[in-house]
Amino acid sequence: MMDAKRLEAFEKMLEAVQNEYGDILAKMEKMKTDGKVKTVTYQQLMSRKMMHQNMLSLYEIYGLVDEEKKTIIEQ
């Protein structure tokens, strides 16, 4: 039973990281269109984007990301 709980926890974590990454990309795109790429907030989002991108890349390396969800990492 412990394995099922671990798998469920992992799936929730992966989904949360993917959702957060998507939210970060959307916020950055909006700031870019508003001409706010030199702001501290944009730079903080860039840092968070890189961290989430690295996490998702590791998941991909280990074969833990579904094929249809891989495209978000490449942005």
Side-chain angles (χ1 to χ4, degrees):
M1 187 65 177
M2 184 62 166
D3 288 339
K5 286 183 180 181
R6 287 185 67 175
L7 178 59
E8 183 180 343
F10 166 77
E11 291 293 340
K12 285 182 181 179
M13 184 181 114
L14 176 59
E15 184 178 354
V17 171
Q18 289 170 327
N19 290 338
E20 179 71 15
Y21 185 72
D23 291 344
I24 290 168
L25 291 177
K27 288 176 186 175
M28 288 179 71
E29 188 59 36
K30 174 151 179 24
M31 291 184 81
K32 188 185 288 187
T33 59
D34 293 344
K36 297 183 178 182
V37 295
K38 295 193 180 212
T39 64
V40 172
T41 302
Y42 187 87
Q43 297 304 316
Q44 290 171 337
L45 286 171
M46 178 64 77
S47 176
R48 289 176 53 209
K49 175 191 171 212
M50 297 300 291
M51 180 186 68
H52 282 73
Q53 192 172 35
N54 286 337
M55 290 174 64
L56 291 170
S57 293
L58 282 172
Y59 292 145
E60 186 177 339
I61 288 169
Y62 285 93
L64 300 171
V65 178
D66 295 335
E67 286 294 322
E68 65 269 6
K69 294 186 178 182
K70 284 185 179 182
T71 58
I72 194 170
I73 298 170
E74 298 166 359
Q75 294 181 356

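In this chain, residues are counted from 1 in sequence order.
Considering all non-hydrogen atoms of both residues, Val65 and Leu56 come closest at CG2-O, 4.1 Å. Pairing each heavy atom of His52 with each of Tyr21, the nearest pair is CB-CD1, 3.7 Å.
Counting heavy atoms from C-beta outward, Met46 and Tyr42 have side chains that approach closer than 4.5 Å. Thr41 places none of its side-chain heavy atoms less than 4.5 Å from the side chain of Lys27. No side-chain heavy atom of Leu25 sits less than 4.5 Å from a side-chain heavy atom of Glu29.
Taken to the nearest 0.5 Å, the CD atom of Gln43 stands 8.0 Å off from the CE atom of Met28.
In the hydrophobic clustering of ILVMFWY residues, with side-chain heavy atoms under 4.5 Å counting as a link, Val40 and Val37 come out apart. Connection of Val17 to Leu64 is established within a shared hydrophobic cluster, with ILVMFWY side chains joined at heavy-atom distances below 4.5 Å, either directly or through further cluster members.
Considering Lys32, Met31, Lys36 as possible partners of Asp34, the one that fulfils the side-chain contact (heavy atoms from CB on, under 4.5 Å) test is Lys36.
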Residues Leu45, Lys49; criterion side-chain contact (heavy atoms from CB on, under 4.5 Å); working and verdict: CA-CA 6 Å; Leu45 286 171; Lys49 175 191 171 212; over 6 Å; no
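Within 6.0 Å of CE in Met51 there are more than 12 heavy atoms belonging to other residues, nucleotides or ligands.
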